[in-house]
Each structure stands twice: as structure tokens, then as C-alpha cells.
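Report on the following structure.
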Amino acid sequence: MAGRPRPQTELHSPSASTRRRERWLVVLGVALHAVYMLSIFDIYFKSPIVHGMDPVPPRLSAPPAKRLVLLVADGLRADKFFEPDERGRYRAPFLRGVIEEKGRWGVSHARPPTESRPGHVSLIAGFYEDPSAVTKGWKANPVEFDSVFNQSRHTISFGSPDIVPIFCSNLPHSTWDTYPHEYEDFATDASFLDHWSFDQFQDLVNRSFDDIKLRQLLLQDKLVIFLHLLGCDTNGHAHRPYSSIYLNNVKVVDQIAESVYNLMENYFNDNQTAYVFTADHGMSDKGSHGDGHPSNTDTPLVAWGAGIRSPKFLAYTEKPDDGFRFVDNHKHDTPTPKDWALEGFERVDVNQADIAPLMATLVGLPCPMNSVGSLPTPYLKLRKADEVEAVLANTKQILNQFLRKSQLKESSSLYFKPFKPLANFSLVLSQIEDLISGRDYETAMEQSEELRRLALAGLHYFQTYDWFMLMTTITLGYIGWMVNLIIHVLQSYTSYPVILLKRAQLYPNNTSMKVYICGCFFMGLSSILLLLEKSPLLYHAYVLCTIFLWTRIVQKIDFLKSVWRELANMPFKYIFNLLTSSVVALLVLEFLVMSFFDRKIYTWCFLVLGILGSTYVALFIQASAALAIYIWLACWFLSVFTLMPAEIPENNNLVIFSGGLIILIGLASRWIKSNSSSFWLYLTRANKRDPQSFKLYFVQVILVAISSIMVWLSTSHRSQNRELLSLHQFINWSVAGVAMVLPLFSPPSVLSRLTSIFLGFAPPFLLLSIGYEAVFYSAFAMVLIGWIFVESANLYCSEESGSARRRSLADNSVFGYEERHLRLSDLRIPLLFVILFNVAFFGTGNFASIASFEISSVYRFITVFSPFLMAGLLIFKLFIPFMLVIADVRLVRSPRSSVSHGWAVIFL
């Protein structure tokens, strides 16, 4: 303002050069994070597949079986399969009879991600999915791999269009078919999909009586028959695994297993068929899968027929922990639940990948060349010599992979570090062959299993060979980025540059060019070394980005030294405040780390924040008592939600109630905005001459009400096992789409804009909600609005107590604040931002996996299986609370022009 003195030593306005640097920092930050995020694929999602090995057929006197039947009940949990129903009857009487009279059983342990494609790849190919397949929706094969089907003489398969083509589409010796995608409708009872698969196979068998070629195909050896039964998975998603529809589907699967057995035995009548029944993954109580919870990783395994041992009866004894862990980190020899009533029958648990070598051995096939499964010999009924030969073939197949990986890594490494435990593998193999020739089968078996264990350890060694280099590079890169941001903030938003120049502690120098030349030299040298090692291009990007960041830091080393000297000369009180603020910030960050393991921590957090916030407002800001009470109630209301289970129970009444609560919050916001007192006008950032946006508000409230009605209509319609009406879909999509556009037309005042954003995202969030998370949306918004109020009240009261106002409210504007340097007290803004951002992650679930959230949330928009669209809707729902936080923190920062820019850099 003209004529008003400005204390230049206190005020600071970012220069045009600072603005340009910040735009450059934003671009650099986005690029760096994009590059470093890709390192996840090189570290954790690196393909385990190598080519160039030869198959190793087992040297058996005769294959145990001529043909194999594989039945996979997609999404079948082990406990729901083995336990009795409420009347004490078992849901799978036929397969239970097999366990007690004909075959062997156990629990198959899957490894996350517990999805359909990775599970089937593990079962049929014997390795844990090439993680890069996630980028292709788990459908296309990014790298071709071997499988039991490849090794078979012929494969017959019927089932889902998402699974069967993965293994059979490029397999010339296969007969297969799938049903249309439209059949996978979550609004129906999906058990008919299982009947479809069996009917197709039964029809093929019946046609063979009139088709000589088809009959000859069925009568040949090394035949594999695969039926994919999707009903449990679809019904589990749609109705939950404790629903009558899912549990009835378990009975359907058992009936199909019995029908397949009777059909095969009547057709062939030669006792040369082996049967394996299992599942690819389980199903959580909330109807999802993907993570490592036992309900997702534990699946049933039942094997019987040719080559399978008969049941072994054992008296149950408590076994000590032998230290062995399955791939899902579950203990070996876990006690069998008593309600399964199977304690007297030997239970043989396996890793899911172990089933592939089991199936291959049963029909005399080589193990899949990329398999990492260990042959589970307790299932096999073989002569001792054949059993040792089968295990040795399994060992050689894994050893071949190890040797191939070792060869590839050695050929491209300047300094190769071999896996020393297998340095004398050829000698061990010779010893095993000599033991077999001398018929010392026990010792040969022990040495073969030990060699297999070492070969698996060697595979892991080369799979993680580059981890140390990559993790070190990425860690240094992130540290370098943080240091660069700190340097920028110190130079642009603090008084240090002025102070240092005044004290002649910082002089222009000509070392920058020398530093950059050295940086370029190290970049070039690193690139040459990586080229010589034939490293992927992304390795170059990681190293170059890290060197670039640290080059910039070294270039600013004189400034950092001067800042350190200045800090050393500061008064003790300032140093104490700085250390205290740093300790508090570190404690908050550590608290956030702990919250990744226990959501309940946020309950205590908001209970404390409610008390501290209301006390701070009442005593120090001395604002309205109503504001203090509101802060207290809002924080305590939000604290309730992290006590609730992550498995969200379906409760549409809560969703509809939340719609009414959202409308009430909007009404309260309108009332506050229309309050003409100077305090509330200042508090809400409203301009008295702002036009009343009643029409926009009215339309948004109507859309919230319509979405609440559609929640009831769509859900009640689906609960009657009917398809989602096209009209309902159209209304839901239209309401959600229109509602999200309306905030663009809201007034620019702070509370009006925030309320409009809150009302705009409410309809899609309600339509994607199934329970208490809809109420969480309202509670979360109340806390965010409270944060706006507190920061505004803090500014208002501090200015009222000052000797002069920078602008009068009579001027009808509240945005004219003087700009200043950052202060330690401003640290509360990013800390609160990070806390609220994490609450948006963990408020209603665990963001560690999409499986932690309800897939049934999308059923008001789509019911036919469409993984990308469903995942997109789920992710969008998860990000709606983040959008509120981002909008809120932008509004919190708006009055502090220079401060806002400084913390904006920190938020990067």
C-alpha cells in the first residue's frame, strides 16, 4: 500500500529468478520421481525368467499315470472348503471322502500378489509370476515361459477367457475354449460358470464316441486336462466368502469334481488317471484378494488317483517350530483346526509352485524349465529308486536355471562375484549318481534335496545381484533431492543470504564451472562402466540423476559452510528452538511410520489434536468459543474411524445417512459465509461483495441427494440377484461426472471454494461407498475445514493485536498480507499436511494393496468383470480424500505468499 512503510529486513518477496528456479524445480522433481519410481520394477519386479536351458526328463521306470486332471477352483479359501457348515455337514463331501479313503491332502501356500494369473502361473509353470506382467493387466505374457502344458503331449482346457488363453493360445497341441467376458457378471450367481466348464468337457468326451481322431487324442499318454472353475472367485467378490451363494458354490465345485472323476473313470476304466484339486488364491472376508493375509494365501490341495499315495493315519502330536517357512511366511507343520476334523490324516502342506513338478512327475514329464517348485514326495507313490530319480531331475532343472543366470551375469560383469556354495556342484552331482548306482537311496535323496536348496538360494542370489547398487543409488538420489530443496529454501525464503552477504561470509566464486565439469566427468565414467556391463538404460538414468543432484550440492558447499558457521554463532535459545522443532518433526515422522503397522495410532493422534487445538484456539488465539468446540468435536469424530475394521461391513443406511450429513455440512458452511461479522468474514476469506452462489449450491445439494437415492436403488436391485439396470448405470455415471465439474464454477472465496469441492466429490464418493467410509468423508472434511478456521483465526487475532493492520476489512479484501520469511512455527503446516495425507491413506483401510478396499464399491457403475475400469474406479475413490487435503493445504497457504512458496517447495 502506498505511503505505508515496509521493514525491508523483515519482508521478503520472491524474485522473478526465484520463481523461474521453482518452476525448474517442479519439472526436475517430477522427472526425478518418475525415474526413481521406475526403479521399483528393476528391484522388485525383475523378471525371473531365463531361457537357454534344456528340459530334464525324470528317469522313471514308468510314469505313474497316463493322464492328469487339474481342477482349479478360483478364489476358494481353505477354511471354507474344509470346515463344516452351521448344521455340521461338510460342504465338499466327495473330496472329503477322497481325503479319508483315496488320496492325500494339505494346504497350498500362495505368494502375493494373490491374483488369478500369478496363481495359475505358479500352479502350471512352477514359478512365481513374472511381476512385469502387472503392466499388461496380468493377461499378456511379457516373456514366454515353459509350463506343464507345454511339455504335455496334448492339453485340453476350458474356463475363463482371462486364464485359459495365457497357457493355450500359442500352444499347438491344445484343445480349449472359453466363455464370453459378459458371463462374468457380479450381479448374478456365478456358479453357472463352473457348470459351463464341465459341460464343455463332457460334451467333448461324448463327441469322441463318434470322432475317431478325438478318441485317439484322448487315449494317448501324457494328456493334461485343465478345468478352470471361476464361480467361487466371482461370487466371493460380489457376495463375500461367508455368503450363502459363495458357500453353495463350494458344494457346486465338489459336485463337479465328483462328476469329472466319474466321467473319467467310466470312459477310460484303466486306473491310469491322476487328479489334482486346488485353488489359485483365497478370498478375504470383504470379498477381495491380492495381499498376503492367510485367507488369501491358504488354499486347499487334494490329490488322488494313479501315482498318489493312500491316506496316512497319524495320531496328532504337537511339533516344534523347525524354522521352515512357506512363501507366505507361514510356519511349517501348522496345527490343523479342530473343526476340520482331519487331525488323524497326515497333512502335507506345499508351496504353490511345488504343484507344477508334482503334476509333471505324475505323467512322466520334465519339470517346467523356469520352475522353482520342490517336488513334494509325500504325495507320490513311487519305488524308492524312481522317487530319487524324480527328485534329482527336479534338482537338475533348478540347477540349470542357476547355471544359466550365473553365465549371463558373468558375461556382462566387470567384477563378477560367484555364488560360492555351489562352486563344486558338479562334484556333488557325481556323488549323487554314484550313490544311486550303489542303491544308497536315502543318502542320495538327502544330497539331492540339499543341492536343490542351494540351487534355489543361488537363484535368489542372482535375482537380487544388483539390489545393493540400485538401492544405494536410489537412496543417495532421494537424499540429494531433499538437500537440494533445503538449500533452495534457505537461499530463497530465509534471511541467511542477506546476513551472509552483509558479514562478507559468502563471496562470488568461480568454482561452479569446475564442479560441473567434474560432475560431467563422473557421469561419463559411470555411463562407460554401465555400458561395459551391458546394464539396462534405466540403470544409466538412476546413476546420472544421482550424480547430477550431488553435483548441485557440491556447487553450493560454500553456502552450506557459511550457514553452518552462522548457526554455530546463534544464541543458545535459537539453537534450542531449532533442535526442539527438529526433534518434534522426527517424532511425528516416526509416528507416521508406526501408523503403517497400526492404524489405531491415528485415533490417539486426533484425540490429542482435538484437545490441543481447542485449547490453543481458546487460550492463545482467543477466538470464538464456538470455534474451539468445533475443533474439539471434529477431531474426536474423525478419531473414531481408525478404530473400525479395515474390512468394511456393508451398510447402505450409513451411506445414505452420510449423504444427509454432507448436506448439513454444506448448510452450515452457507450460514457461516453469510455471517456479516468481521471475525467470521475474515475467518472464511469471504468478500462482502461476492455474489451469492445459491444456484450452484442448490444444484450440488440436489446431486448429493440423488446419489444417496441411487445408492439405495442400485443396491436393493442388486441384492435381489438382478443385473444392474442400464438406466441406473447411466444416472450414476452422469451424476458423478457432472458433480465433479461444478466446483470449477464456484466463487473464489476460500470457504465457498472448499465447500464446493467437498460437495462436488461427494456424489462419486457416495456411489463408490458401501459402509462407514462414506461417513469418514464427512468427518475428514470437517477436520480440514477446521484447519482452515484455525489458521485464519491465528492470522486474524495476531493482526488485531498488532499496532497496525496491513489492510482494513473496510477495504473489502482479506488477501493483502505482508510477506515474510519462513519461521520455525510454520513447520506445523507441512507436519499437519503429512498427517492428514496419511489419514487419507489409512482412514478406512490399508493402502498397501488395492485388495484392502472393497471391489463391491464399483458395482453401482459396472458389474461385468473389467479389471482396468474397476481398478481405475477404486483408485479414484481412494484419491478423493487426497484431493480434499491438497485443496485445503493450498487454501491454508494462500495468505502467506512467500511462506506459501517456501512450503510448496518442501511439499515436492
Side-chain angles (χ1 to χ4, degrees), residues 71-110 114 191 229 231-233 235-236 239-258 276-289 291-304 310-321 325-326 328-352 378-379 645 647 649:
L71 303 173
V72 178
D74 202 310
L76 177 58
R77 279 169 56 156
D79 57 346
K80 300 303 179 186
F81 175 78
F82 290 117
E83 70 186 16
D85 59 21
E86 64 278 359
R87 293 180 294 179
R89 300 176 182 176
Y90 293 99
R91 302 186 183 98
F94 169 73
L95 289 170
R96 189 171 184 87
V98 167
I99 293 171
E100 296 174 350
E101 301 171 7
K102 299 178 181 178
R104 286 301 183 97
W105 76 285
V107 172
S108 170
H109 297 268
T114 46
S191 60
L229 312 176
C232 286
D233 183 76
N235 283 329
H239 307 287
R240 314 290 177 88
Y242 46 78
S243 65
S244 59
I245 292 179
Y246 179 91
L247 298 177
N248 181 69
N249 207 142
V250 178
K251 300 177 182 179
V252 170
V253 165
D254 181 72
Q255 293 165 4
I256 290 176
E258 183 177 15
V276 175
F277 174 88
T278 188
D280 55 346
H281 56 74
M283 183 72 61
S284 70
D285 286 343
K286 53 191 175 178
S288 60
H289 53 83
D291 59 26
H293 191 274
S295 62
N296 290 327
T297 60
D298 291 359
T299 60
L301 173 61
V302 182
W304 73 101
S310 300
K312 185 177 181 180
F313 305 99
L314 295 173
Y316 176 74
T317 56
E318 187 73 30
K319 297 180 180 179
D321 186 2
R325 296 292 183 272
F326 291 101
D328 57 0
N329 206 34
H330 293 176
K331 294 180 181 179
H332 192 223
D333 292 325
T334 302
T336 300
K338 289 185 178 180
D339 60 345
W340 294 7
L342 291 171
E343 295 94 332
F345 300 92
E346 185 181 32
R347 167 180 166 181
V348 182
D349 287 7
V350 300
N351 286 321
Q352 195 173 60
Y379 280 86
E647 294 80 10

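One-based numbering along the sequence shown.
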**Complete:** Rounded to the nearest 0.5 angstrom, the CG-CG distance for L76 and L71 is 11.5 Å

**Asked** Between CG of L301 and OG1 of T278, what distance do you get to the nearest 0.5 Å?
**Response** 5.0 Å

**Fill in**
Here the pair of heavy atoms bringing A303 nearest to Y379 is CB-CD2, 4.0 Å

**Message:** Restricting to side chain to side chain contact (heavy atoms under 4.5 Å, CB included), what partner residues turn up for S310, sequence neighbours left out?
**Reply:** none

**Asked** With sequence neighbours left out, what residues match E258 under side chain to side chain donor-acceptor pair (under 3.5 Å)?
**Response** none

**Message:** Are F94 and F277, when compared by the centres of their aromatic rings, separated by less than 6.0 Å?
**Reply:** no

**Message:** Show the nearest heavy-atom pair for residues A279 and A73, with the distance to one decimal.
**Reply:** CB-O, 3.1 Å

**Asked** With sequence neighbours left out, what residues match F82 under ring-ring contact (aromatic ring centres under 6.0 Å, His included)?
**Response** W105, W340

**Asked** With sequence neighbours left out, what residues match P84 under side chain to side chain contact (heavy atoms under 4.5 Å, CB included)?
**Response** Y90, D339

**Request:** Find the distance between CE (M283) and CG (N235) and round it off to the nearest 0.5 Å.
**Result:** 9.0 Å

**Fill in**
salt bridge (Lys or Arg N to Asp or Glu O under 4.0 Å) filter on D79, not counting sequence neighbours, yields R77

**Request:** Give me the one residue out of D233, N296, T297 that meets side chain to side chain donor-acceptor pair (under 3.5 Å) with H289.
**Result:** D233

**Item:** Charged N-O contact under 4.0 Å between R104 and E346
**Value:** yes

**Message:** Show the nearest heavy-atom pair for residues L95 and D254, with the distance to one decimal.
**Reply:** N-OD1, 2.9 Å

**Straight-line distance of Q352 CD to T299 OG1, nearest 0.5 Å** = 5.5 Å

**CG-CG distance between L247 and D85, expressed to the nearest 0.5 angstrom** = 8.5 Å

**Request:** Could you walk me through whether F81 and V302 pass side chain to side chain contact (heavy atoms under 4.5 Å, CB included), step by step?
**Result:** CA-CA 11 Å; F81 175 78; V302 182; 4.2 Å; yes

**Prompt:** Does any pair with a residue in residues 90-99 pass salt bridge (charged side-chain N to carboxylate O under 4.0 Å, His left out), and if so which ones, sequence neighbours excluded?
**Reply:** E83-R91, R96-E100

**Prompt:** Excluding sequence neighbours, so at least two apart, what forms side chain to side chain donor-acceptor pair (under 3.5 Å) with K251?
**Reply:** none

**Prompt:** What is the distance from atom CG of N249 to atom OG of S244, rounded to the nearest 0.5 Å?
**Reply:** 11.0 Å

**Which atom of R347 lies closest to which atom of V107, heavy atoms considered** = NH2-CG2, 3.5 Å

**Y246 side-chain N/O to G287 backbone N/O, donor-acceptor pair under 3.5 Å** = no

**Message:** Checking the side chain of T114 only, and the main-chain atoms of D291 only, is there a donor and an acceptor separated by less than 3.5 Å?
**Reply:** yes

**Candidate pair D74 and H281, rule side chain to side chain contact (heavy atoms under 4.5 Å, CB included), full reasoning** = CA-CA 7 Å; D74 202 310; H281 56 74; 3.0 Å; yes

**Listed partners of F345 passing ring-ring contact (aromatic ring centres under 6.0 Å, His included), at least two apart** = F313

**Request:** Please report the shortest heavy-atom distance between S284 and P241, naming the atom on each side.
**Result:** O-CG, 3.0 Å

**Request:** Return the set of residues passing side chain to side chain donor-acceptor pair (under 3.5 Å) with S191 (not counting sequence neighbours), or none when no residue passes.
**Result:** D189

